[in-house]
Amino acid sequence: METLQIGGVSARQLADNFGTPLYVYDEDKIIAQAKDAMENFSSDMFKTEVAYASKAFSSIALFKLLAAQGLGFDAVSGGELYGMSRAGVDMSKVYFHGNNKSNKEIEEALELGVGYFVIDNVMECRRLIEIAMEKHIQTKALLRVNPGISAHTHEYIMTAKPDSKFGIFIDDTEHIGQVIELLAESSHVRLAGFHSHIGSQIMDARSFEKAIDTMTYFLAYVQREYGMEQTELSIGGGFGIKYLEEDQPISLGQMCKTMVKYTERCIQEKDISISKLITEPGRAMVGEAGYTLYTIGDRKRSGTKDYLFVDGGMSDNIRPALYDAGYRAVLAEKYKEPAWHTYCIAGKNCESGDVLIDTIKLPEAKSGDLLAVYSTGAYGYSMASNYNRLGRPAVVFAGHGKARVVIRRESYADQYDLEIE
Ligand SMILES: *Cc1c(COP(=O)(O)O)cnc(C)c1O
């Protein structure tokens with residue numbers, strides 16, 4: 001009987017030592033992804049930066065791991081900034097995103113010495129200028145522009161429609177001009193460049209090339225119109241990963257290389273200058289490195305469905321219920337055996353929509369078997385909840401045959417710690 005290994009540790013051993021449900025990251029895979037991105041996202045024509053979009057999975061252990069590989073970080077809240085600062089990351093390599101940063105968050109970010117504010121709208125721009133002036137802190141900004149590219153992905157996670165809540169639409173030259181002029185007058189906030197992010201789980205490089213093409217046209221316009229030079233350009237993240245057998249993503253390194261080459265070509269053709277190119281992979285950095293282990297409990301036949309119930313559910317993975325996201329999974333101790341039986345994997349949360357995998361073929365399963373769901377490393381733990389007071393699972397990093405807990409399991413008491421009786 002061959003058992004699935006994660007980072008050189010058997011899934012059974014992980015489950016026995018740390019309990020289930022359990023998030024397990026293959027640490028070696030994360031490091032390999034980081035290296036692949038860093039090595040391939042580089043150019044002789046401009047500086048480059050890979051900033052990990054921490055909303056995909058934020059933990060102090062991960063921040064330390066990625067900072068050691070030279071990555072920068074994206075944050076979208078004071079809470080994420082706090083974690084980065086506790087992890088000791090170089091805050092000058094942090095990009096502070098978000099479409100409604102509070103004054104408090106802006107103050108905190110300035111005090112922490114965050115490298116860049118990614119400005120979403122004119123009101124935020126005014127608030128940032130005012131707060132930076134009051135605090136006598138100098139900082140840099142990028143303006144988020146929505147290039148209006150529709151990528152082939154699920155509608156709910158597509159951000160670059162003309163009516164998106166993110167950024168200023170590329171044709172809205174009035175508001176873009178306002179931000180540029182406000183920042184040109186500011187003695188504390190310097191507009192370093194522009195940012196765009198077209199969506200998530202995008203598999204084809206063409207969508208990114210279209211975005212780069214559009215954004216470099218846009219840079220040519222602002223360089224001509226406003227005399228900006230040496231502009232920085234962030235092309236966001238959104239690189240697809242393998243969830244289902246049929247998903248055929250391009251590797252992160254290949255995607256990085258393609259984007260750098262394409263940007264080099266665009267700036268030559270358009271005769272513009274950029275000083276730095278930035279990319280912000282989230283999902284692609286951690287998604288495939290993550291697995292969730294569940295113990296199978298009861299089985300039930302209900303109408304046409306043969307249910308396998310697991311000891312977690314939508315409280316540790318909301319994506320199937322939220323986006324109809326698909327996953328593949330195996331029985332960890334029978335993962336090489338032929339899969340004849342069709343099952344529906346449902347969680348234990350009180351929602352009929354709490355189905356992790358609607359239809360999956362597995363070997364015959366019995367109570368106590370270990371189910372390993374693949375590619376749960378992104379937007380799993382970070383979107384987890386306490387729904388039904390199921391404590392959030394522990395997170396384990398496994399690598400080189402060793403495993404360590406990086407986030408402990410949430411106890412009953414942890415969940416009631418905030419209550420005042
Ligand atoms: C979500 C997000 C990312 C990362 O997206 P992934 O799909 O996880 O790669 C990068 N940049 C911005 C601005 C984002 O909102």
Side-chain angles (χ1 to χ4, degrees), residues 30 33-34 36-37 41 49-59 62 66 71-77 80-81 84 93-101 114-121 124 141-147 149-161 164-168 193-205 207-208 211-212 215 232-243 247 249-256 259 277-290 318-319 322-323 325 375-383:
I30 300 177
Q33 283 299 83
D36 200 22
F41 200 72
E49 183 138 79
V50 180
Y52 167 64
S54 65
K55 65 180 196 243
F57 170 55
S58 70
S59 91
L62 179 69
L66 293 179
L71 275 82
F73 295 89
D74 272 12
V76 293
S77 72
E80 288 182 350
L81 291 173
M84 288 167 194
K93 288 161 80 84
V94 172
Y95 297 76
F96 186 23
H97 287 262
N99 67 301
N100 190 24
K101 304 170 184 76
V114 157
Y116 295 84
F117 285 79
V118 184
I119 294 177
D120 179 84
N121 59 69
E124 179 194 328
L142 303 179
L143 171 63
R144 180 162 183 172
V145 171
N146 172 359
I149 310 291
S150 38
H152 295 281
T153 182
H154 197 288
E155 168 122 41
Y156 297 136
I157 36 184
M158 187 170 77
T159 53
K161 291 187 287 191
S164 163
K165 79 164 182 169
F166 294 112
I168 302 181
F194 298 88
H195 168 273
S196 73
H197 171 73
I198 58 171
S200 226
Q201 187 54 15
I202 299 165
M203 295 276 189
D204 67 318
S207 302
F208 293 107
I212 292 168
M215 287 304 289
E232 300 187 19
L233 174 63
S234 172
I235 46 179
F239 316 117
I241 64 164
K242 184 182 178 83
Y243 283 106
D247 293 336
I250 304 166
S251 76
L252 180 58
Q254 191 55 51
M255 203 59 124
C256 285
M259 287 188 306
L277 187 71
I278 302 140
T279 186
E280 307 169 335
R283 188 189 313 270
M285 197 61 71
V286 291
E288 289 185 34
I318 189 75
R319 296 186 67 258
L322 188 63
Y323 311 123
S375 304
T376 59
Y379 307 103
Y381 190 87
S382 65
M383 288 187 162

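We count ligands from 1, going down the list as the structure has it; atoms in each ligand are counted the same way. Keep in mind the model is a prediction, meaning the values are calculated, not measured. By convention here, the first residue in the shown sequence is residue 1.
Considering backbone and side-chain atoms alike, Arg144 places every N or O at 3.5 Å or more from each N or O of ligand 1. For ligand 1, one of its N or O atoms has an N or O atom of Gly282 under 3.5 Å away. At a 3.5 angstrom cut-off on N or O pairs, Gly238 counts as close to ligand 1. Between Gln201 and ligand 1, not a single N/O pair is under 3.5 Å apart. Checked against a 3.5 angstrom limit, the closest N/O atoms of His195 and ligand 1 fall outside it.
Nearest to atom 7 (O) of ligand 1 among the protein's heavy atoms is Ser200 OG, 2.3 Å. Regarding atom 2 (C) of ligand 1, its nearest protein heavy-atom neighbour is Lys55 NZ, 2.3 Å. Shortest contact from atom 10 (C) of ligand 1 to any protein heavy atom: Glu280 O, 3.2 Å. From the protein, the heavy atom lying nearest to atom 8 (O) of ligand 1 is Tyr379 OH, 2.5 Å.
The shell of residues lying under 4.0 angstrom from ligand 1, judged by heavy atoms, excludes Phe166.
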Going through the distances and angles, do His197 and His97 end up as a ring-ring contact (aromatic ring centres under 6.0 Å, His included)?
-> CA-CA 11 Å; His197 171 73; His97 287 262; 8.1 Å; no
| message | I'd like to know whether Glu80 forms a side-chain hydrogen bond (donor to acceptor under 3.5 Å, both in side chains) with Ser54, so could you lay out the CA-CA distance, the side-chain angles of the two residues, the decisive distance to 0.1 Å, and finally the verdict. | response | CA-CA 7 Å; Glu80 288 182 350; Ser54 65; 3.2 Å; yes
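Both the sub-6.0 Å distance and the 45° axial angle are satisfied by Lys101 relative to the ring of Phe96.
Neither side chain, Tyr243 nor Gln201, offers a donor N or O lying under 3.5 Å from an acceptor on the other.
Between Phe208 and Ile198 there is a side-chain heavy-atom pair separated by less than 4.5 Å.
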